[in-house]
Colleague: 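If you scroll down you'll find the structure; I have some questions about it.
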Protein chains: 2
Amino acid sequence: MANDIPLTNSNAESMLDGLGRIKVPKSSDVLAERLKREILSDGYTLGASLPTERELVSTTGLSRGSVREALRILETQGLVNTRAGRYGGTTVAQPSADHLASHINLYIKGRSVTLSALIEVRLALEPAVAALAAERRTEEDLSALRAIAKRIDWAADNDLSAFLEENVNWHDAIAAASHNDLLHAFATSVSGLMFEASQIKEFASADVRQRVRYAHARIFAAIEAGDAELARSRVERDVQAYASILATTVAGTSSVTAVDQSR
Amino acid sequence: MANDIPLTNSNAESMLDGLGRIKVPKSSDVLAERLKREILSDGYTLGASLPTERELVSTTGLSRGSVREALRILETQGLVNTRAGRYGGTTVAQPSADHLASHINLYIKGRSVTLSALIEVRLALEPAVAALAAERRTEEDLSALRAIAKRIDWAADNDLSAFLEENVNWHDAIAAASHNDLLHAFATSVSGLMFEASQIKEFASADVRQRVRYAHARIFAAIEAGDAELARSRVERDVQAYASILATTVAGTSSVTAVDQSR
DNA sequence: ATCTTATTTATGGTCCTACAATTGACTTGT
DNA sequence: ACAAGTCAATTGTAGGACCATAAATAAGAT
């Protein structure tokens with residue numbers, strides 16, 4: 001019957017409808033969150049020191065273990081650095097581009113993102129990066145690119161792994177020349193992963209190496225000339241060419257699997 | 001004189017040239033790294049359980065505190081979840097898109113990335129997202145978009161904050177329709193930050209709201225029709241329009257400062 | 001029989017205490 | 001002036017004890 005409703009206390013929470021399961025946050029999480037806000041919201045300039053662990057213990061009433069776990073969270077987030085010894089302690093930091101790249105890598109590897117998906121992202125980012133680089137490159141940017149190009153030229157005929165590595169540096173330098181930190185970080189971590197995949201596939205034949213150098217020269221010229229649209233289209237073509245080469249080398253759905261990449 | 005070189009042991013390390021400062025990694029870092037590799041490289045399917053803390057203590061010889069700090073690192077990286085209680089423990093997880101977005105947000109806020117830089121990234125990502133969405137959208141994607149559009153229509157005249165929030169959902173749904181996880185995560189976190197900035201600036205006048213709805217309708221039509229290039233160009237125009245509106249509202253170099261965004 | 005309710009128990013969560021390792025500043029010696 | 005040694009504050013690590021949580025199970029009530 002309709003009124004045959006048990007009135008046990010297991011149903012008492014029907015009064016608390018919509019609350020869902022109450023969550024009991026860990027004390028270290030709470031502290032980490034609190035410190036994170038303080039760090040982000042204001043005060044704390046870059047090198048500033050947080051209270052020592054034992055000070056945090058006394059101010060928060062938590063145990064030192066919990067405090068340390070909170071600090072470890074912040075450290076993993078890249079918000080603080082920690083040094084032992086007198087005058088050491090935890091100091092406020094900025095999450096580095098490498099740090100962000102490492103988390104992006106974790107995301108990608110944890111989900112077995114396909115290589116073609118990676119190329120799609122690259123195809124979205126790198127032309128935009130090149131266009132901005134053409135508009136904003138400084139003399140330092142250009143000379144850095146020239147130096148890398150010189151090393152690539154040398155390595156192309158002598159040291160294959162150096163060639164691939166400098167290739168990544170090349171892309172990184174262009175991303176730096178865009179003078180957009182976020183775009184830089186995105187583009188760098190994506191091309192870094194492409195680099196790993198390339199090493200595995202060893203697709204860099206002499207012919208490919210030659211074409212890469214040629215493409216680089218044309219892209220550099222566009223950036224040097226400050227022609228954003230030209231740089232964009234040339235990079236776009238380059239990435240697409242790379243994609244089609246890779247497509248002929250690799251089975252279409254190969255995924256980026258886990259490798260070293262120690263942060 | 002040239003041979004007046006002190007031979008104290010402070011110079012003894014000249015023999016070790018190029019080593020730089022030797023680093024002494026923390027035991028928790030070592031363990032975290034080791035577990036991370038095991039998780040990524042192979043074994044460990046998604047829900048699988050890691051050894052219990054006390055088992056790790058006995059197998060590694062470390063203290064429980066160090067083990068817990070290592071696990072906390074992995075947790076922050078999104079690689080594991082932890083549940084207390086019997087049959088609880090540490091289980092392998094995938095870093096979620098939200099997780100990645102949270103780290104991206106930290107990077108952005110920690111560096112005070114300018115709003116215009118954010119727009120540049122959006123301008124790189126969203127047109128590409130829309131193009132892919134047009135090619136790959138499923139019926140579910142389309143109906144989700146329709147539902148959101150309906151809620152936006154309602155909220156536009158009734159609830160401003162709901163309007164802004166659903167606006168984010170709209171962009172998220174399109175990103176989901178691209179069926180590229182990484183692109184999705186990138187685009188979502190960027191537009192999420194734009195949302196925060198928009199709330200602060202309260203630029204959403206009735207006129208703007210009207211134009212947003214119109215733009216959405218045109219973009220949806222392109223995606224529904226499966227016309228990638230049309231979707232791309234329409235989104236590109238939309239983002240640029242948004243940028244110029246924002247430019248007239250905001251002083252050019254305002255930066256995205258820290259706000260809540262609790263993961 | 002069926003549904004509560006209590007118990008059990010393996011697990012993470014927290015606290016405490018003590019000591020080791022580190023490292024920059026300070027002191028001392030030459 | 002400078003090299004070496006000492007000091008002190010701080011993080012790093014260990015070990016132990018107990019609490020809180022939660023799923024499986026057993027006991028009990030209807």
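What you see below is based on every heavy atom in this structure, not just the backbone, and it leaves out hydrogens, waters and symmetry mates. Lettering follows sequence order; numbering is per chain, from 1.
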Colleague: Please give, in whole Å, the distance from dA10(C) P to E55(B) CD?
Modeller: 12 Å

Colleague: Write down the distance between CD (E75(B)) and C1' (dG13(C)), rounded to a whole number of angstrom.
Modeller: 12 Å

Colleague: Atom NZ of K26(B) to atom C1' of dT10(D): distance rounded to whole Å?
Modeller: 13 Å

Colleague: Would you mind reading off the distance between R54(B) atom CZ and dA17(D) atom P, rounded to a whole angstrom?
Modeller: 12 Å

Colleague: Which residue lies toward the 5' end of DNA chain C, R64(A) or E53(B), if each is placed at its nearest nucleotide?
Modeller: E53(B)

Colleague: Could you check T138(B) against D141(B) for side-chain hydrogen bond (donor to acceptor under 3.5 Å, both in side chains), going step by step and ending with a plain yes or no?
Modeller: CA-CA 5 Å; T138(B) 66; D141(B) 295 328; 3.2 Å; yes

Colleague: Which nucleotide, dA14(D), dG24(C), dT21(D), lies nearest any side-chain atom of L62(B)?
Modeller: dA14(D)

Colleague: For V24(A) and G89(A), find the nucleotide of DNA chain D closest to each by heavy atoms; which residue's nucleotide sits nearer the 5' end?
Modeller: G89(A)

Colleague: Both R83(A) and R72(B) contact DNA chain C. Which one's nearest nucleotide lies toward the 5' end?
Modeller: R72(B)

Colleague: Which one, dT11(C), dG12(D), dT13(D), comes nearest to the side chain of S28(B)?
Modeller: dT13(D)

Colleague: Using a cut-off of strictly less than 4.0 Å, decide whether S66(A) has a side-chain nitrogen or oxygen near OP1 or OP2 of dC15(C).
Modeller: yes

Colleague: Taking all atoms of both residues into account, what is the closest heavy-atom pair of T60(A) and V67(A), and its distance?
Modeller: OG1-CG2, 4.2 Å

Colleague: Let me see the working for N81(B) and T91(B) under side-chain hydrogen bond (donor to acceptor under 3.5 Å, both in side chains), right down to the final yes or no.
Modeller: CA-CA 5 Å; N81(B) 289 325; T91(B) 54; 4.9 Å; no

Colleague: Thinking salt bridges, do E69(B) and R72(B) make one under a 4.0 Å N-O criterion?
Modeller: no

Colleague: Within the 4.0 Å heavy-atom criterion, would you say G65(A) contacts the bases, only the backbone, or no part of the nucleic acid?
Modeller: nothing

Colleague: Can you find a pair of side-chain heavy atoms, one from S191(B) and one from D172(B), that are under 4.5 Å apart?
Modeller: no

Colleague: CZ of R146(A): more than 12 outside heavy atoms within 6.0 angstrom?
Modeller: yes

Colleague: Strictly below 4.0 Å: does S63(B) bring a side-chain N or O up to OP1 or OP2 of dG15(D)?
Modeller: no

Colleague: Does S96(B) have any side-chain contact (heavy atoms from CB on, under 4.5 Å) partners at least two apart in sequence or in another chain, and if so, which?
Modeller: D98(B), H99(B)

Colleague: Roughly how many Å is it from NZ in K23(B) to C1' in dA21(C), rounded to a whole number?
Modeller: 18 Å

Colleague: Once you round it to whole Å, what is the distance between P of dT13(D) and CZ of R68(B)?
Modeller: 16 Å

Colleague: Output the rounded distance in Å from CG (N81(B)) to P (dT11(C)).
Modeller: 18 Å

Colleague: Starting from the first five and the last five pairs of the helix from dA1(C)-dT30(D) to dT30(C)-dA1(D), work out the angle between the resulting helix axes, to 10 degrees.
Modeller: 10°

Colleague: Quickly work out the R86(A) CZ to dT22(C) C1' distance and round it to whole Å.
Modeller: 13 Å

